[in-house]
Amino acid sequence: MDSDVDGMDDAVEDWLAQRFAPVVYHQRHETAFPVSVDLWLRLTRLSPPGRSSSRIGLAQAQLLNNVAVRNGLEFSSDGTRSR
């Protein structure tokens, strides 16, 4: 069965996700746990360039496919910055 129609059987996707899922250990008194990007964005005061810093409801999808040019170099928001 391939319910998301991506060409890979859903059972294989589930097996791969389980097989390669990260193992995360926390100290007993840890207070900062992993959260989704959208939740983290709701809790921050980040804003896109040109807007004042406030809680504007920025979502992860808005951060993708943006391009900025700095000193003649082009940076993609969802690309790598490695040389």
Side-chain angles (χ1 to χ4, degrees):
M1 181 181 207
D2 183 18
S3 61
D4 56 1
V5 194
D6 65 354
M8 182 177 287
D9 187 274
D10 294 341
V12 173
E13 290 177 332
D14 290 343
W15 177 82
L16 287 169
Q18 289 294 321
R19 171 74 174 86
F20 296 102
V23 176
V24 180
Y25 295 97
H26 299 284
Q27 294 296 323
R28 179 176 297 167
H29 302 291
E30 181 65 63
T31 59
F33 297 103
V35 296
S36 72
V37 172
D38 286 324
L39 174 61
W40 183 81
L41 288 170
R42 281 196 307 271
L43 299 174
T44 65
R45 293 192 179 274
L46 294 177
S47 62
R51 287 188 165 168
S52 63
S53 156
S54 63
R55 294 181 194 257
I56 59 169
L58 192 61
Q60 180 179 4
Q62 294 171 276
L63 301 175
L64 300 174
N65 301 315
N66 291 299
V67 176
V69 178
R70 299 287 188 265
N71 300 323
L73 298 173
E74 189 174 281
F75 296 95
S76 171
S77 62
D78 52 339
T80 181
R81 287 173 173 72
S82 301
R83 293 182 186 181

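Position 1 is the first residue of the sequence, and the numbers go up from there.
Applying the under-4.5 Å side-chain rule to Ile, Leu, Val, Met, Phe, Trp and Tyr, the cluster around Val67 consists of that residue alone. In this structure, Val69 shares a hydrophobic cluster with no other residue, the cluster being traced through Ile, Leu, Val, Met, Phe, Trp and Tyr side chains under 4.5 angstrom apart.
In terms of the side-chain contact (heavy atoms from CB on, under 4.5 Å) criterion, residue partners of Asp2 (sequence neighbours excluded) are, by chain and number, Asp4, Asp6, Asp10. Shown here are the ring pair (Phe, Tyr, Trp, His ring centres under 6.0 Å) partners of Phe33, two or more places apart in sequence or in another chain: His26. Applying the side-chain hydrogen bond (donor to acceptor under 3.5 Å, both in side chains) test to Thr31 and every residue at least two apart in sequence or in another chain returns nothing.
Checking side-chain atoms of Glu30 against main-chain N and O of Gln27 turns up no donor-acceptor pair under 3.5 Å.
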Contacts under 3.5 angstrom, residues 11-22 side chains, donor-acceptor by atom type, not counting sequence neighbours:
none

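In terms of heavy-atom proximity, Leu41 sits nearest to Gln60 at CD1-N, 3.5 Å.
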